[in-house]
Each structure stands twice: as C-alpha cells, then as structure tokens.
2 protein chains.
Amino acid sequence: MVQTLLPETEGPRSKRALILAAAIESFGKDGYEHTKWAKIADEVGIGQTALYHYFESKAHCLLTIMSLELSRSLERFREVTADVTPADKALEAAIAAAYDVTPREVLQMRILQSHMDLLATPRPSEREEAERQRARGLVREIEQEWTGLLARGMKAKDFPKRDPHAMATLVLALVVSVWRWYRPGGPMTLDDVRELISGACLRLVGP
Amino acid sequence: MVQTLLPETEGPRSKRALILAAAIESFGKDGYEHTKWAKIADEVGIGQTALYHYFESKAHCLLTIMSLELSRSLERFREVTADVTPADKALEAAIAAAYDVTPREVLQMRILQSHMDLLATPRPSEREEAERQRARGLVREIEQEWTGLLARGMKAKDFPKRDPHAMATLVLALVVSVWRWYRPGGPMTLDDVRELISGACLRLVGP
DNA sequence: GCTTAACCTGAAGTGAGTTCAAATCAGGAA
DNA sequence: TTCCTGATTTGAACTCACTTCAGGTTAAGC
C-alpha cells in the first residue's frame, strides 16, 4: 500500500511515503486549495515544520504526486500496448488500462486532472521547477505514445487517415474527462466507464 | 466592450464592470491563484479595500465571472439551436456557436474550465454560496440542453439510440476540452477548432 | 442646497504557508 | 561502549495575501 510511493533512496525512518499517501487522500477528496498543509502533518503524526524536510512546499508535494501518477500511467500504457496489433485492439487495451486503477489512483488522476494548468507556468524555486519540468516531459511522452498508436493504426489502414496528433488530443481528452465526474460507488462502475469510453473513442477515430 | 458586463442595477459611477474586465484578463492569462487581488485594484485605480464594495471576496468575483460565462453560453446555445432540424444540423450549430467567441470570452471559458471543481463544495459565506448555486444550476441547464438535443436526434433517427445523457457528457467534454490548449495566435484558428470538434462529435454520436 | 446612499480609504487583523536556529535520534566507526 | 554524523524533528517567529474595521468622501436626485 505504501511501498509504491517509495521512489528513490529513502532512509528507513522516512515519512515521505506516509505524507504522500495522506496528501493524495486529502488533495483528492477535499481538494488541494481546501486542505491545510498542517492537517497532513497531523495525520502523519509530525509537526508542520517536519514536512519541509521532505518537500520544499505544499506545491512541491502536489507536483510530486502529479509526476508519480503520470509516470505510472505512461509505463502502464507502454506495457499493455507493446506489440499489440491491430491498432484498434491496442487502443482498447490502452483505454482498459486507463480505467484499471486502484481507488488511490483514481484520486491521483483527479488531482492531476484538476491541476494540469499548474504545469503551464514556471515555479519560483529550483526544486519545484525541476519537478514541473519532469511532469511536463511525461505529459509530452504520453501524448506521443497515443499519437504514435493512432499513427500506426492509420498507416496500417486500421483507422482512416487523419492528423494523428489532433486525434490523440481528442481521445486523451475523452479518456481523462471521466475523472471530473467519476466517483467510486456512483451510478457507473469503472467497467461501465471503460465500455462507454472505449466505444466512443473507436467511433471517434473510426470512419 | 464593458457594457456586456453590466448585469443588474448599477450606479453610474460603479467600477464593477471594470473590475470584472481586469479580473477576467488576469485570471485568464496569469491564473486565478497566481494573480494578486490587490493588482486588480491597482489596474482599476482604486484601493484594495474598495473591491469589497463590489465583491465579497476574490472567490466571489471568480464565481461571478463563471456564472456570467455559463449564462451567456446557455443563452447562445438556445438561440442557435431553436427550431433547427435535423438534429445533426442543430449539433453543428451548437458547436459552431461554442467557438464563435471574442478573445475575452476565450479567457472566460479558460477560467471556467480551470475552476469547475470550485462548484463541487459549499462556500463559507452566503453570497458566495448563492453565486455557486447559480453557477451549478446553469451547468445543469446546459447539460440538459445538450442531452435534449441528442435525445431529439435519437428519437428522429438522426442519431443511433444510446444513453443521451452519457453522450451529452462526452460531447460536452470534447467541446470544452479545447480551452485547455487553445491559444489565440497559436497553430489552430477557432475555425480549425470548430471543424475538428464538429467532425469528432458527429462521429461520436453517429453509427 | 441637502440628504442619502454609494463609493472609497488607511490602518489593523487573520491565517495558512514558510523560515530559522537549534535539538534529538539512530546507525556505524573507533 | 562511546563518539560522530547525517537524517529527522521541533517551537517560535516571520511573511504575505486576503480581509475587516471604523470612519471619511462623493455625487445623484429630490
């Protein structure tokens, strides 16, 4: 549950993973602006100031969460689409993977979705800016992956020929738009969502 | 230029419209969190405190901008789709209207898009909460309009029969997703956008 | 010209996020 | 064991936007 949040070299008594877990929970459920940074410290059982040992700022923590989820999504996309043909099968696999997520990952996608615009403008401090650039790079890579998938499909005549980058933008928009309204326990299950979006995207890129 | 921002009964020396104009400019270009409330006061040529004569808070101003744009969008949708048949023509008209906007309205759409999640949670003060409810109501009305359009189209066999509400959500997601990346003077014109999204939506709701 | 409400202001208050200087703790070297 | 070092933590103080307060100015309309 917590191990997945251990990214680099961590001391054995590091609370970094706990902080990330608590932050994902609060940022995702109550919203980033609405959650007090001090509350995260309370939940982890440390003073507010100790947070700054792990993250340069509240925003830096947010950016880290975003990078983490982008990285995971990219890797998963590559796993499930590698060597899959025809392209419509690969597209379906990518979409299925997008909705094959844990409750925590749902929260992370919601956080990501809600704060994409943060990636547009430079950050004041060096560490934050570095994390922003990392996230931007991952976004670009993900866009390239979807574009590549569609381009391959067009070349192989699985899809009609159109601007693959524009189409990737639209497909991606549809796929991520879900996180705006999806709620666990709501009227639609993730499987319903997969079916809905899968059909929609195939029609979108189809004839 | 400014008259369109005069909503209700305004004294002749009211600076409300000027404040809204300056806020739309800054919130849209620099982002809401990133723009200092005091800077708006400077630009309008009043002290910071005078802002509170017109808006209860920075957030109240933001909510007002959102309601204003939602209201405009809804009215415009109704204008251009009234009595238009067949449904695919009405759909095209609605999409064309969505991208027939002034530069200021582009900014307002960007603001709206970036802060939709603000409408999800209650506001602390009464006036803010009232504005939030107004915005929520308008969102619901807009969703109902698109749903209605699609439902009519399905009934008339212009579109294949599917869940009209789900399809409306997807079409709307596609239409508004544009404001995340569209920039005036960028590689695509609004006319290019209209064509791209129009085609995409027709395929989405089609067979 | 006077009244009244609209409009405006400087000074002070608030609260979340952040910085600082210093203390504690745990694991490895001597 | 004892000492050393870096990781971890802390309380107190600071900053900066946003906001409130208590009262002053202005102009529209009678």
Side-chain angles (χ1 to χ4, degrees), chain A residues 2 5-23 26-27 30-65 115 118 121 123-129 131-132, chain B residues 2 5-23 26-27 30-65 115 118 121 123-129 131-132:
Chain A
V2 152
L5 296 177
L6 286 171
E8 53 237 45
T9 62
E10 292 274 323
R13 45 183 180 138
S14 170
K15 298 233 170 69
R16 192 186 138 100
L18 287 173
I19 294 170
L20 281 169
S26 286
F27 292 176
D30 309 335
Y32 170 73
E33 296 77 11
H34 200 264
T35 68
K36 292 172 200 9
W37 201 207
K39 200 198 97 196
I40 304 296
D42 280 354
E43 285 172 5
V44 176
I46 55 179
Q48 311 181 31
T49 23
L51 292 173
Y52 293 88
H53 180 69
Y54 300 100
F55 298 102
E56 200 178 23
S57 64
K58 191 185 173 192
H60 179 224
C61 178
L62 173 62
L63 285 166
T64 302
I65 291 171
H115 295 93
L118 204 70
T121 57
R123 303 263 82 211
S125 82
E126 208 171 319
R127 269 179 86 194
E128 272 185 41
E129 176 64 11
E131 199 62 57
R132 183 181 77 99
Chain B
V2 151
L5 296 176
L6 286 170
E8 52 236 47
T9 62
E10 291 276 320
R13 48 183 178 135
S14 169
K15 298 234 168 66
R16 191 185 138 99
L18 287 172
I19 294 170
L20 283 170
S26 287
F27 292 175
D30 308 333
Y32 170 73
E33 296 77 11
H34 200 266
T35 68
K36 290 168 199 16
W37 201 205
K39 201 199 94 193
I40 304 296
D42 279 353
E43 285 172 4
V44 176
I46 56 178
Q48 310 181 32
T49 20
L51 291 173
Y52 294 87
H53 180 69
Y54 299 100
F55 298 102
E56 201 178 24
S57 65
K58 191 186 174 191
H60 179 225
C61 178
L62 174 62
L63 285 166
T64 303
I65 290 171
H115 296 93
L118 204 71
T121 56
R123 303 262 81 212
S125 82
E126 208 171 319
R127 268 179 86 194
E128 273 185 42
E129 177 63 11
E131 199 63 57
R132 183 181 79 98

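So you know, we letter chains A, B, ... as the sequences are listed, proteins then strands, and number each from 1. A quick note: this is a predicted structure, and the numbers were derived from the prediction, not measured. Quick note: numbers below take in every heavy atom, side chains included, and nothing from hydrogens, waters or symmetry partners.
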Shoot me the first and last contacting nucleotide of DNA chain D against chain B, ordered 5' to 3', at under 4.0 angstrom to non-hydrogen atoms. D:dA17 to D:dA28
When we call it a touch if two heavy atoms are under 4.0 Å apart, what does A:P12 touch: a base, just sugar-phosphate, or nothing? nothing
When rounded to whole Å, the CD to P distance for the pair B:E33 and C:dA16 reads 17 Å
So B:T35, base contact, sugar-phosphate only, or nothing? Heavy-atom distance under 4.0 Å. sugar-phosphate
Taking it one step at a time, do A:D30 and A:K39 satisfy side chain to side chain contact (heavy atoms under 4.5 Å, CB included)? CA-CA 12 Å; A:D30 309 335; A:K39 200 198 97 196; 3.5 Å; yes
Would you mind reading off the distance between B:R16 atom CZ and C:dC8 atom C1', rounded to a whole angstrom? 18 Å
Kindly indicate, with the supporting measurements, whether the criterion side chain to side chain contact (heavy atoms under 4.5 Å, CB included) is fulfilled by B:E43 and B:S26. CA-CA 10 Å; B:E43 285 172 4; B:S26 287; 4.0 Å; yes
Here the distance between atom C1' of C:dC8 and atom CG of B:L18, to the nearest Å, is 15 Å
Provide, to the nearest angstrom, the distance between the NZ atom belonging to A:K39 and the C1' atom belonging to C:dG15. 17 Å
Contacts to DNA chain C from residues 43-57 of chain B, heavy-atom cutoff under 4.0 Å, which residues? B:I46, B:G47, B:T49, B:A50, B:H53, B:Y54
Rounded off to whole Å, could you give me the NE2-to-P distance for the A:H34 and C:dG15 pair? 15 Å
Audit row: A:R123, A:E129, salt bridge (charged side-chain N to carboxylate O under 4.0 Å, His left out) steps and yes/no: CA-CA 5 Å; A:R123 303 263 82 211; A:E129 176 64 11; 6.0 Å; no
Quick one, A:C61 with A:K58, criterion side chain to side chain contact (heavy atoms under 4.5 Å, CB included). Give me CA distance, side-chain angles, the key distance, then yes/no. CA-CA 5 Å; A:C61 178; A:K58 191 185 173 192; 5.8 Å; no
Let me confirm one number: the CZ-CG distance from B:R127 to B:L63, rounded to the nearest 0.5 Å. 11.5 Å
Sequence neighbours excluded, the answer for ring pair (Phe, Tyr, Trp, His ring centres under 6.0 Å) partners of A:Y32 is A:F27, A:H115
With rounding to the nearest 0.5 angstrom, report the CD to CG distance, B:E33 to B:L62. 8.0 Å
Applying side chain to side chain contact (heavy atoms under 4.5 Å, CB included) to B:L20 and B:F55, what does each step give before you reach the verdict? CA-CA 10 Å; B:L20 283 170; B:F55 298 102; 3.7 Å; yes
